[in-house]
Amino acid sequence: MFLCTIFQMNHKKRGITMPKKLVIVESPAKAKTIEKFLGDDYSVMSSKGHIRDLKEKEFSVDLNNNYKPLYEIPADKQELVNNLQKAADKSDIIWLASDEDREGEAIAWHLYEVLGLTEAKTRRIVFHEITKTAIQKAIENPRHINLNLVDAQQARRVLDRIVGFELSPVLWKKIKPALSAGRVQSVTVRLVVEREREINNFKAEASYRVTAIFNVTDTQGKDVELKSELSKRFTTKEEAKSFLEACINTTFTIEQIETKPAKQTPAPPFTTSTLQQEASRKFGFPVGLTMRIAQKLYEAGKITYMRTDSVNLSDLALGTAKQEIIEMAGEKYHTFRQYHTKSKGAQEAHEAIRPTYINQHAIEGTLQEKKLYDLIWKRTIASQMSDAQIEKTTISINVNGKTEKFVSTGEIIKFDGFLKVYLESTDDDQEQEAKGILPKLSLNQPLQLISAEAQERFTQHPPRYTEASLVRKLEELGIGRPSTYAPTISTIQNREYVDKKEIENPPRTYELITLRKGQIKEEIKKEKVTIEKGKLSPTSIGFVVNDFLTQHFPDIMNYNFTAKVENDFDEIAEGKINWTKSIDNFYKAFHPSVEEAMINTGKKAGERQLGIDPKTGKPVFVKIGRFGAVVQIGEKSPVEKPQFASLRSNQTLETITLEEALDLFKLPMTLGQYENESITVSVGRFGPYIRYGKTFISLPKGQDPLEMTIEKAIELIKAKRITDANRQIKSFDEDNILILNGRFGAYITQNGKNYKIPKDMTPAELTLEDCKRLITEAAAKPKKQLAKGMKHFKKTTKK
DNA sequence: CAGTGAGCGAGCTTCCGCTTGACTT
């Protein structure tokens, strides 16, 4: 509408009537660009995606009428549709220019139907790049709406509705209200659940890794150090130790020096999924944040469309990239590369994600926007650059009297090529050790051992998924689309199937045997605590829902289900089968399993008996309650109410033991009296705390609430009194303004709102005027974007 | 960012894909 009004204004000014040619695209940003190319005869409007869909709250698939879909225009689309209608009525020819894929074809068809268009005045066109020639060419080569492709979309839509709206109610009844299941989200949860079980079942294996430092004379006659690792790892301490002992009185010689050329090739340009992965690895962005920033860049005309599975670059982009690279680094840094998409189910309606103007090396904007743009620019440029040429050298060292060899490896970059601008990150950066340059040495040369050590190492469990690595897995399996990756990841967290948290791995002890100056020393060392950030793990509900679904609906939960139905959709698109026939085949097999799962067995899914409470002799259960996982002692009866306790956030129904479950009932626990008030200890939403009258005090980190004593509690109360006394720095009572000491330093508070104090000001010296000024300044500042977006998202999804 | 701290037998939940705005502790 916005575009339309501008348009009308322009024409009013020049006294021309509304044009008779209308082009409808999906995205407003795209409409704006195209309008410039087409000139005054054309009006370009956008549908903003689908304009019609199945009813939001109803099943809307008529099972008695050959699966006829019941479509409606959503309320928030009505105004847009009205405007499109007005424009269409005034136009002689309407070009439907939605994307060239299943969904795009359906959008064109819905427009055709809703706007009451006729074959005579309608043209269906598609273009893959937004340039004047591409668009003009498209306009000159129109076609008709492909109804087979539309049917394939209707089949997709109806199938998803049937699966989602028949499965979810089963979960409401058998597990918990307001849960959800679907073709995409349920399998996504399954991936996380299965990974967690792999981790739980994982047994770390120990082995001894032997490293050594030698002193050696290089070809220049200079003494240098050479680090080396034994090619074999020992499985026992005894073997490792006896090897080191054998090193005391033996000789070492260089047995082989091998130099091999190698090359490294740049990664293809970004798709939605690879952009999400790199932004996650390089900046730690959650996938939703990456998409919001990318959307901003797209709307500002800085980058091409951000929801794409294509790695293709337009001829224009290839040309400007070449020019940039040659200008920047010279001819030999440029290699023309055309990439082809290999991911399953790719529909390639767009280009890869790239800067709109490749000659623009940097942009204005927020820090996050700059970072993401820079990443996209570098990746695009690098994808058109030459391979890096590397020389790999391997030196193997013979240990006299032993079959095991020490090996040193080194790398020299002979020609940096694309590495000049960009290197893709890997998921396990910590395992990568920098490979340096090796000294020049000769064959059969002797070496002096300076020191050697055998360190006990453990195999690592498979890594938990991050949001981005989970997206990569989904793409690999062909599940979900670029536009749904981020929303799916949000859904499974909002439904509380998976949790994103920091996981602290407890420190392990390991053995270290060192050899230095002919002496062997044995030590026991402690590993550092490692913290995994932003890793996804299933909740109790996630486990239970997943197991329930896989038990009753193995076909839907199969990782190949999407791939299988995609085959059917392809056949529908090719006109080989009828879409309702295909849905009928599916429904006839699927629906009975829903009926069967609904049969009430009297027990809730996932309920598990842990054992008997020794105190009361009553059974102890875990199950999913109204607010998540709970332990229950005793069964419900008319005479007795069972006891309940919620599981802690780090416990799951899957792994909790009887002992841990019973511990939950020890709290809240009264520790005793202090100054005529009783002190109790308990665990709340934010961890363990003690309560003293009306005051709550969190326990220090690592303090087990069950180990709390009255003495420790009194200490905490005293400490709290001191901090409270120091809390207030200054007060201006007449304006309700206080300057307080908080967890993050001093701050100003007024009427329940808090304000920052700039670092260069001394809190104690602030005057009332200073405070008032800081408050008004803070109010004038725009609010943070991140908080804005997140808040909204929660609201709309919880509604 | 600056504080918080249950409840566990009664009310309307849910899908996937295409796209952009409208909201404030």
Expressed as a whole number of Å, how far does the P atom of B:dA2 sit from that of B:dT25?
-> 14 Å
Distance below 4.0 Å between A:Arg626 side-chain N/O and B:dA6 OP1 or OP2 | no
Using a cut-off of strictly less than 4.0 Å, decide whether A:Thr484 has a side-chain nitrogen or oxygen near OP1 or OP2 of B:dC16.
-> no
Can you tell me which nucleotide in [options] comes closest to the side chain of [X]?
X	options	result
A:Ala178	B:dG17, B:dC18, B:dT13	B:dT13
A:Pro28	B:dG17, B:dC15, B:dT20	B:dT20
A:His50	B:dG17, B:dC16, B:dG5	B:dG17

Got a minute to check which stems DNA chain B is part of, using Watson-Crick or G-U wobble pairs under 3.5 Å, three or more consecutive?
-> none
Which part of the nucleic acid, if any, lies within contact of [X], taking any heavy atom under 4.0 Å across all strands shown: a base, the sugar-phosphate backbone alone, or nothing?
X	result
A:Ala106	nothing
A:Ser27	sugar-phosphate
A:Gln185	sugar-phosphate
A:Ser646	base
A:Ser180	sugar-phosphate

